[in-house]
Amino acid sequence: MVMPSQTPTLPDLGSEKILPQTAPSRVVAAPTVSTAELTSTPKRRSFSAKYKLRILDETDRAADTGMVTSILRREGLYSSALTDWRRARKAGTLGALQPRHRGPLKAPANPLQAELAKANREVATLRRRLDQAEAIIIIQKKVAALLDEMEQTHERSGKS
């Protein structure tokens, strides 16, 4: 980052005043490591159950001494997270201490869904076979009708 220098404006051409020389502008180096708040793609923090239980044990021991806030500051946590973790521990839901995926929950898989898909495939196959059989029957009827007609015309022409 370049700090602006205090350079005076250029004098008018008609003015003969000579301005004093000023020091060149200073260049201040930017921090070499960016902080977590300045990352281009922020990520949601997730904590393991082991970490949560360790923090809960540490804050329980420090509750009498009043050092809970210093632990929260050191770890970068909010008291509401601590409250949620305590409720989950009290309820005995260790799974609740695991990080959860955000968004809508997936629908549970229906055990009959695979059977239904298989039955639908079989029905589609049988319908195709039925359509083919019906087409063959129609063609056979037409061929039989043509053969009868040819036989009748042959008999008529042979008799005359």
### Query
Quick check: are there more than 12 heavy atoms from other residues, nucleotides or ligands sitting under 6.0 Å from CZ of Arg74?
yes
### Query
Does the side chain of Leu77 come within less than 4.5 Å of Lys52's, by heavy atoms?
no
### Message
With rounding to the nearest 0.5 angstrom, report the CZ to OH distance, Arg73 to Tyr78.
### Response
13.0 Å
### Message
With a 4.0 Å cut-off on N to O distance, would you call Asp57 and Arg54 a salt bridge?
### Response
no
### Query
Got more than 12 heavy atoms from elsewhere within 6.0 Å of CG, Leu146?
yes
### Message
Using 0.5 Å steps for rounding, measure from the OG1 atom of Thr153 to the CE atom of Met150.
### Response
6.5 Å
### Query
Under 4.5 Å between any side-chain heavy atoms of Arg121 and Lys118, yes or no?
yes
#### Entry: Point-to-point distance, once rounded to the nearest 0.5 Å, from CG of Leu82 to OG1 of Thr69
11.0 Å
### Message
Within this structure, what is the CD-CD distance for the pair Glu115 and Gln113, rounded to the nearest 0.5 Å?
### Response
10.5 Å
### Message
Strictly below 4.0 Å, N to O, side chains only: are Asp60 and Arg89 in salt-bridge contact?
### Response
yes
### Task
Give the cluster check for Phe47 versus Leu72: same hydrophobic cluster or not, with ILVMFWY residues linked at side-chain heavy-atom distances below 4.5 Å.
yes
### Message
If you define the side chain from C-beta out and look only at heavy atoms, does anything of Trp85 sit under 4.5 Å from Ile55?
### Response
yes
### Task
Taking only Lys NZ, Arg NE, NH1 and NH2, and the carboxylate oxygens of Asp or Glu, determine whether Glu149 and Lys142 approach each other closer than 4.0 Å.
no
### Query
Going by heavy atoms in the side chains, are Val68 and Glu58 under 4.5 Å from each other?
no
